[in-house]
Every structure is written in C-alpha cells, then in structure tokens.
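Step one of this worksheet: look at the structure below.
Quick note: numbers below take in every heavy atom, side chains included, and nothing from hydrogens, waters or symmetry partners. Chain A is the first sequence line, chain B the second, and so forth, proteins listed ahead of strands; every chain is numbered from 1.
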Amino acid sequence: MKQTPEEKIVFLNELLGAAYPNPKSELNYESPFQLLIATIMAAQATDRQVNVITRELFRCAPDAETMSRMELDEVRSLVRSINYCNNKAKNILAVSRILVERWQGVVPGTREGLESLPGVGRKTANVVLSNAFDQPVMPVDTHVHRVSNRIGLVHTEKPEETEAGLMTIIPEAWVIPFHHYLLLHGRYTCKAKKPDCAHCTVSGICDYPAKN
DNA sequence: AACTCGGGGCA
DNA sequence: TGCCCAGAGTT
C-alpha cells in the first residue's frame, strides 16, 4: 500500500492533537520583540539554556527601546552562558537599535524586514512570522527536515526545498500544528542517531523502516 | 561550497 | 573525553 505524500498528510493530521500536546508552550513570550530575541538566542542552544538566559535578559531589557540603550558589555554579560554568546550579544543589541531607529521599535511582520536583521535567517524569520503574526509558514530546522524526508513527505537534501515541498502538500490551516508535530517527533522519537521506530506511531506510513 | 562560531549532548 | 551537532554569516 504505497501512499502519496498528500495521503500521508491526511493520515498524520488525525494523530497530531494526541501525539505531542500543548503546542507553542516553549514560545510563550510577552511580545513579538521577546519572541524574536528568544528565537535568535535559540539557535544551536537548548530550550533550557534559552529560558534561563531570557528570563534575566528580559527583566533588564523587556523591549527594544530599553535594550537599545544598553552597552554591549552589559548584554554580553547577560547572555554569556549561551552558545555563540559574543555573536548573539552583538546581534540582539544591533537588532534592538535597528528596530528603534528604522521600525519605530516594532518588529516587522514581513520576511524581508525580519531577514534584514542581523542573526535572523529564514528559519528564525519563519518562527516569528508563524508565532507572532499567524502566517502559515514552515520553519525548517534539522528536525523538521530529517523527519519529513524519512517519512517520505518530501525527497530532498536541501532544507529550503523541504519547506517548499511541505507547503505544497500541507493545507494552510494545518501548517502550524504540523510544524509542531514534525519538530517534537524529531526531537523525541525520530532522532538523528537512534530513531525509535519500535515506538513510533507513524511507522506504518513511513519510508524509513523499510530502507534501513 | 567550505568554513566559523563554541557550549551541550551523548557514546 | 572526544566527537558531533545546528542556523547564520562570511569567504
């Protein structure tokens, strides 16, 4: 019983709610600004690291205006325990100043505006567009990329092609719950090194077990 | 297309 | 303890 990617999407949609409940719980920030900064900090870092860092960071600098008036050394000391802290300190300080000077302190809700900010690439922009502006976009990180290819929703090495491929087969209204599912499925079950196919609820439609 | 950033996770 | 990881930017 070979299934098309579209048929797999319909099957998966039945499972989403039960599979990994409590969507968006990790991204419940008070403003688009805080979401943007936390998402920049989240690159190559664990959720726990980000939560520890941002708690103190946002206590000192809850908005762009406040952060923009800080010294680089202050920002650096607040984020010093996270990966790439020097780059990230520079980036988020620059972002806060650009937001104040060019965007009236407001996070832009467009891809071009977001990707023009230092430290913000396609994936980070998509996270902000999705969570803060309710745009039906798919932030493709390595989890989403790996899981989508293993299941057989797409067939490509390139993450940007995974994003385009998923968008053609997932109905707009399903994009955000699918992103949540693909991300957590990759993190907890369909892991890069040791995928736990024995306990996987979607192995019936997945290309991976047969191939490995 | 390869390289850098650099602490955390895991064998 | 040493290898590998993952977004964005640079060369």
*Which of residues 137-146 of chain A have a heavy atom under 4.0 Å from DNA chain C?*
A:D141, A:T142

_Using a strict heavy-atom distance below 4.0 Å, which residues from residues 114-121 of chain A are in contact with DNA chain C?_
A:L117, A:P118, A:G119, A:V120, A:G121

In this structure, how many angstroms lie between the [atom2] atom of [N] and the [atom1] atom of [X], rounded?
X: A:R187; N: B:dG9; atom1: CZ; atom2: P; answer: 12 Å
X: A:Q44; N: B:dC10; atom1: CD; atom2: P; answer: 16 Å
X: A:I53; N: B:dG6; atom1: CD1; atom2: P; answer: 15 Å
X: A:N51; N: B:dG8; atom1: CG; atom2: P; answer: 15 Å
X: A:K88; N: B:dC5; atom1: NZ; atom2: P; answer: 15 Å
X: A:Y84; N: C:dC5; atom1: OH; atom2: C1'; answer: 8 Å
X: A:D47; N: C:dA6; atom1: CG; atom2: P; answer: 14 Å
X: A:M41; N: C:dG7; atom1: CE; atom2: P; answer: 15 Å

*asked:* With no hydrogens and no angle check, just 3.5 Å: does a side-chain donor-acceptor pair link A:N83 and A:Q49?
replied: yes

_Do A:H180 and A:Y20 pair up side chain to side chain, a donor and an acceptor below 3.5 Å, judged on atom types alone?_
no

*Between the main-chain N or O of A:G113 and the side-chain N or O of A:S116, is there a donor-acceptor pair closer than 3.5 Å?*
yes

*Side-chain N,O (A:K194) to OP1/OP2 (B:dA11) below 4.0 Å*: yes

*Determine: side-chain N/O of A:N86 to OP1/OP2 of B:dG6, distance under 4.0 Å, yes or no.*
yes

*What is the minimum heavy-atom distance between A:K8 and A:I151, and which atoms define it?*
NZ-O, 2.7 Å

*Expressed as a whole number of Å, how far does the P atom of C:dG9 sit from that of B:dG8?*
23 Å

*Between B:dG6 and C:dT1, how far apart are the P atoms? Round to whole Å, please.*
23 Å

*Out of curiosity, A:L117 CG to A:E112 CD, how far, rounded to the nearest 0.5 Å?*
11.5 Å

*Is A:R187 salt-bridged to A:D141, cutoff N-O under 4.0 Å?*
no

*Would you say the side chain of A:L182 lies within less than 4.5 Å of the side chain of A:L153, judging by non-hydrogen atoms?*
yes

*Quick one: which of B:dG8, C:dC4, C:dG7 gets closest to the side chain of A:T124?*
C:dG7

*Of the listed nucleotides C:dC4, B:dC5, C:dA8, the one nearest the side chain of A:N87*: B:dC5

*asked:* Using 30° and 60° as the class boundaries, would you call the ring planes of A:Y29 and A:F58 parallel, tilted or perpendicular?
replied: perpendicular

